[in-house]
Amino acid sequence: MNQDYIKPNEWSIIEEGFNSEKVKSSESLFSIGNGAMGQRANFEETYTGPTFQGSYIAGVYYPDKTRVGWWKNGYPEYFAKVLNAPNWIGINVLINDEKLDLHTCKEVSKFKRELNMQEGWLSRSFEAVLQNNVKIKVNTKRFLSLELDEVGAISYNVTPLNSDAKITYIPYLDAGITNEDTNWDDQFWDVLNVSQNNQQSFIEARTMKTHFYTCTFMESRLFIDKDEVITDCNNEQTSNFTSCNYQQEVKENQTYTIHKFGGYVVDRNHNKNELITAAKEALDKAVSFGFHALLEMQIQSWAQIWKMSDITIKGDVKAQQGIRFNIFQLNQTYLGTDASLNIGPKGFTGEKYGGSTYWDTEAYCIPFYMATKDQSVARTLLEYRYEHLEKAIENAAKLGFTNGAALYPMVTMNGEECHNEWEITFEEIHRNGAIAFAIFNYYRFTEDYSYIPEKGLEVLIGIARFWQQRATFSSDKEKFMILGVTGPNEYENNINNNWYTNYIAKWCINYALENIDIVKTDHISDYIRIKEKVNFSDEELKAMKNVADNMYFPYSEKHNVFLQQDGFLDKELITVKDLDNSQRPINQKWSWDRILRSPYIKQADTLQGFYMFENDFSTEELERHFDFYEPFTVHESSLSPCVHSIQAAKLGRMEQAYEFYLRTSRLDLDDYNHEVEEGLHITSMAGTWMSIVEGFGGMRIINNTLSFSPKIPKGWNSYSFKVNFRHQVITVNVNQNGAKFELEGNNEINILVNGETVTVSPNNLLIV
């Protein structure tokens, strides 16, 4: 049974009633972020029950030394940890000198938590009876500012309900924090200085090894009802902690409020010797605006984001809530304003997986950012990989590859591989193909070819060189094999000739060769520069072409399908529907040995290739492969339901497409995989957007023309979305009777709708 305590609501994530068993799950689900920092939805006040404390700063990490049972040559030396940063949100609350702690209160009632996605804030309200029998009402609201992205703001108020009370607020900064995820229980932070200046407090700290310098800061304002209270702060501090103590006698039914401003400045953006100065400037701005003005700015900032990225669904509240939750979390994680950042699989919601960049970015996230923001954001993500090309070449060299062959990492912070599982690090090499595919996908959508001669061709050549060297020629079959790999289905390791891997390798080589010819013809100065820089020859290009032309693909004549890998039919082919539900999820119930011997597929593998290269295959071929592989797929990867939803929609199986859509959109909200307390699945959320836009909306680029083949689930009244296509915004609105198209732009464009060419004119509604 999946969780179902989140209340259906079109614009908010709402929890009603306090349940200590749900606290860690809610800390994930109600997480907030602004692209520069983020935090789990931990309580501001003391909570002694089970909790997963987490605040994170974008781009700040620690290289935790790899811990394995045995060491192999080429093994990454470290696994990059997303760091739990010093805590700035904490406010100890005392009522007549007794700490407020929901875990120990006599009674907690009227508990409600809300994440307002439309406006970008988190609130909480409840009534509680403490052990000293004082009954209080508490209301809190906090947000991380998009406008001032180094600053967060908290409004916390307490109202005594059954007597007068002495209320004490103790806002604090705490650098004595640890990570949930650590290999050796190392200390990750070195506290350099703790200081206070009137109402302002600061902790300067440096990460060990990586030496990121940070300053955590806070300042507070106090109010009785709506009147500000001018009061002294009794400061306390230790070597890694600083606090202010504010006491106030409060009458029954009066409300005592603290506005706390805090956050981080980092030497990624400031001189490391001037961080306190930068922190003071951030605080001065925040305090001068005040909580309410900052909140209004937050609401306006989110309104601008939603204006372009929103997807509306009429007639299905849970589906609507799901897609907005996904879009909201993606925008909290990455906004494209910092070229050195990327989209981590957990974003700012947890520490699992480590690293900031997986192949998820190229395969799933770029389409979302490309269509919902200016195309420059997607180009920035491509440039991120170009900046790491030399590291990718170093990664390949560590494994014995030469001549500029590039192997992009499975997990990285700075371009170095930092994943610590051998079957992933050494064998899940298909990630290389996603980098090349993203370059193709970007040009296909934007028609901006400039990236390829300027930067992208060097990436494509490095990747093609890797595939040429990684392939092994079989004299028996007279074909090139790719041996000892893990495909997208991570429930098969060290197998030979994963069809998807072989196919994308062939495609990468051909795409690199194609673009070498284009650049040679149309961008001769770039061609000369690149040839001199990477030093390729005609003989090398012929050798690459030979590998691509003679790649081996396992195939079953009996089933008339490409085989996921050479030995797939040797397995006992029991479908998922015949697997007892008590055995699910198998990754939590079975030994790894049993999983590897099973036919069960974690996520789209062969079908991933059919999704990415659908123009190479007929609809009949897709249907045959979908019918063969989906029954063995357990969908225990967050990346799985979206691909299957898109393909089911293409096949006209709308009931199945809808089921997969609901699963991908509510994967975390309903905790399908029973792991949401570890954090959210951020990168797969872009796949949810794809499920609607590419699945139900049928958006494709066909012969350089934007194309739609709209379909709609039976239970929906309508849905709509926008895409920013080549600097013009097209709104698509689909209902049970057809589709409507509107264009915000200056020039009419031709699009395809269900294969027919139609013209969309600016500010003129087209009904199809």
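For this chain, numbers begin at 1 and follow the sequence in order. Everything numeric here is computed off the predicted structure, so don't read it as measured data.
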- Task: Could you walk me through whether K141 and N116 pass the side-chain hydrogen bond (donor to acceptor under 3.5 Å, both in side chains) test, one step at a time?
- Result: CA-CA 10 Å; K141 183 173 286 186; N116 186 301; over 6 Å; no

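- Residues E180 and T51 approach most closely at OE2-O, 4.3 Å, considering heavy atoms.
- No close placement of the Y62 and F212 rings is indicated, their centers lying 6.0 Å or farther apart.
- Counting only distance, with no hydrogens or angles, the side chain of N157 and the backbone of T255 share no donor-acceptor pair below 3.5 Å.
- E27 and N42 share a donor-acceptor pair across their side chains, judged by distance under 3.5 Å alone.
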- What's the verdict on ring pair (Phe, Tyr, Trp, His ring centres under 6.0 Å) for F241 and Y172, showing C-alpha distance, side-chain angles and the deciding distance? CA-CA 7 Å; F241 179 92; Y172 63 84; 5.2 Å; yes

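- Legend: residues meeting salt bridge (Lys or Arg N to Asp or Glu O under 4.0 Å) with E675, ordered by chain and number and at least two apart, are K352.
- Around CG of D225, the count of heavy atoms belonging to other residues, nucleotides or ligands within 6.0 Å exceeds 12.
- Between the side chains of K106 and N132, not a single donor N or O lies within less than 3.5 Å of an accepting N or O.
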- Working for side-chain contact (heavy atoms from CB on, under 4.5 Å), residues S220 and C244: CA-CA 9 Å; S220 301; C244 294; over 6 Å; no

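- I95 approaches V134 most closely through the heavy-atom pair CG2-CG1, 3.6 Å.
- For the pair D338 and R268, the salt-bridge criterion is met [side-chain N within less than 4.0 Å of a carboxylate O].
- Using modelled atom types, no side-chain atom of Q254 and backbone atom of P160 make a donor-acceptor pair closer than 3.5 Å.
- Atom NZ of K81 and atom CG of D64 lie 5.0 Å apart (nearest 0.5 Å).
- For T664 (side chain) and Y661 (main-chain N/O), no donor-acceptor pair under 3.5 Å exists by modelled atom type.
- Using modelled atom types, one side-chain atom of E98 and one backbone atom of Q131 make a donor-acceptor pair closer than 3.5 Å.
- Around the NZ atom of K99, the shell of radius 6.0 Å holds no more than 12 heavy atoms that belong to other residues, nucleotides or ligands.
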- Message: Please evaluate residues S28 and E677 with respect to the criterion side-chain hydrogen bond (donor to acceptor under 3.5 Å, both in side chains), reporting the C-alpha separation (whole Å), side-chain torsions for both, the decisive distance (0.1 Å), and the verdict.
- Response: CA-CA 6 Å; S28 294; E677 67 180 38; over 6 Å; no

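- Nearest approach of L381 to T361, heavy atoms of both residues: CD2-CG2, 4.2 Å.
- Listed by chain and number, the residues in a side chain to side chain contact (heavy atoms under 4.5 Å, CB included) with N271 are N273, E274 (sequence neighbours excluded).
- A 4.5 Å side-chain heavy-atom check between L330 and Y369 finds at least one atom pair inside the cut-off.
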- Query: Checking side-chain hydrogen bond (donor to acceptor under 3.5 Å, both in side chains) for the pair T357/Y384: CA distance, chi angles, key distance, verdict?
  - Reply: CA-CA 10 Å; T357 313; Y384 176 92; 2.8 Å; yes

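- For F328 and W302, the distance between ring centers is under 6.0 angstrom.
- In this structure, D101 contributes its side chain and H103 its backbone to a donor-acceptor pair below 3.5 Å.
- Nearest heavy-atom pair across G35 and F348 is O-CZ, 3.7 Å.
- With hydrogens and angles disregarded, no donor-acceptor distance shorter than 3.5 Å links the side chain of R221 to the backbone of H259.
- Under a 4.0 Å N-O distance rule, the pair K110/E127 qualifies as a salt bridge.
- By the neighbour-count criterion of 12 heavy atoms within 6.0 Å, atom CD of Q187 is sparsely surrounded, having that number or fewer from other residues, nucleotides or ligands.
- Between I13 and L669 the shortest heavy-atom distance is CD1-CD2, 3.9 Å.
- Side-chain polar atoms of Q300 and E296 form a donor-acceptor pair below 3.5 angstrom.
- Side-chain N/O atoms of S691 and T688 include no donor and acceptor closer than 3.5 Å.
- A pairwise comparison of heavy atoms in K251 and D164 identifies CA-OD1, 3.3 Å as the closest pair.
- A ring-centre distance under 6.0 Å is found for Y169 and Y256.
- At a threshold of 4.5 Å between non-hydrogen side-chain atoms, the residues I57 and L83 do not count as touching.
- In summary, the aromatic rings of Y56 and Y61 are positioned with their centroids too far apart to meet the 6.0 Å limit.
- In this structure the side chain of L222 never reaches within 4.5 angstrom of the side chain of T257, judged on heavy atoms.
- Residues meeting the side chain to side chain contact (heavy atoms under 4.5 Å, CB included) test with S26, sequence neighbours left out: Y5, E15, K22, F30, R113.
- Side chain of T182 to main chain of T178: no donor-acceptor pair is present (N/O by atom type, distance under 3.5 Å, no hydrogens or angles).
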- Take Q196 and T242 through the side-chain hydrogen bond (donor to acceptor under 3.5 Å, both in side chains) test and state the conclusion after the steps. CA-CA 8 Å; Q196 296 167 327; T242 179; 2.5 Å; yes

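- Panel note: side chain D668, backbone D671; no donor-acceptor pair is recorded below 3.5 Å.
- Although no hydrogens or angles enter the test, the distance criterion places a donor-acceptor pair under 3.5 Å between the side chain of K260 and the main chain of G90.
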- Query: Is there a ring pair (Phe, Tyr, Trp, His ring centres under 6.0 Å) between Y264 and F217 once you walk through the steps?
  - Reply: CA-CA 6 Å; Y264 309 101; F217 54 82; 7.5 Å; no

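- Using modelled atom types, no side-chain atom of E204 and backbone atom of K272 make a donor-acceptor pair closer than 3.5 Å.
- At least one side-chain heavy atom of L29 sits under 4.5 Å from a side-chain heavy atom of F325.
- Taking the centre and axis of the six-membered ring of W121, the NZ or CZ atom of R142 falls outside the cone set by 45° and 6.0 Å.
- Here CG of L130 is found 4.5 Å from SG of C105. Values are rounded to the nearest 0.5 Å.
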- Task: Go through the steps to decide whether S145 and F289 satisfy the test side-chain contact (heavy atoms from CB on, under 4.5 Å), and finish with yes or no.
- Result: CA-CA 12 Å; S145 174; F289 283 118; over 6 Å; no

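- Salt-bridge check for E45 with R124: passed, with a basic side-chain N closer than 4.0 Å to an acidic carboxylate O.
- Taking OG of S665 as the start and CG of D316 as the end, the distance is 8.5 Å to the nearest 0.5 Å.
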- Message: R40 vs F52, test: side-chain contact (heavy atoms from CB on, under 4.5 Å). Steps then yes/no.
- Response: CA-CA 8 Å; R40 290 170 60 82; F52 174 1; 3.3 Å; yes

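- Taking 4.5 Å as the limit, every side-chain heavy atom of T46 sits out of range of all side-chain heavy atoms of L100.
- Side-chain contact annotation: H681 with Q329, donor-acceptor N/O pair under 3.5 Å absent.
- Side-chain contact, E10 with Q320: no donor N or O sits under 3.5 Å from an acceptor N or O.
- Within a 6.0 Å radius of CD in E228, more than 12 heavy atoms belonging to other residues, nucleotides or ligands are found.
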- Query: Yes or no on side-chain contact (heavy atoms from CB on, under 4.5 Å) for T214 and W189, after CA distance, side-chain angles and deciding distance?
  - Reply: CA-CA 10 Å; T214 68; W189 291 92; 3.4 Å; yes

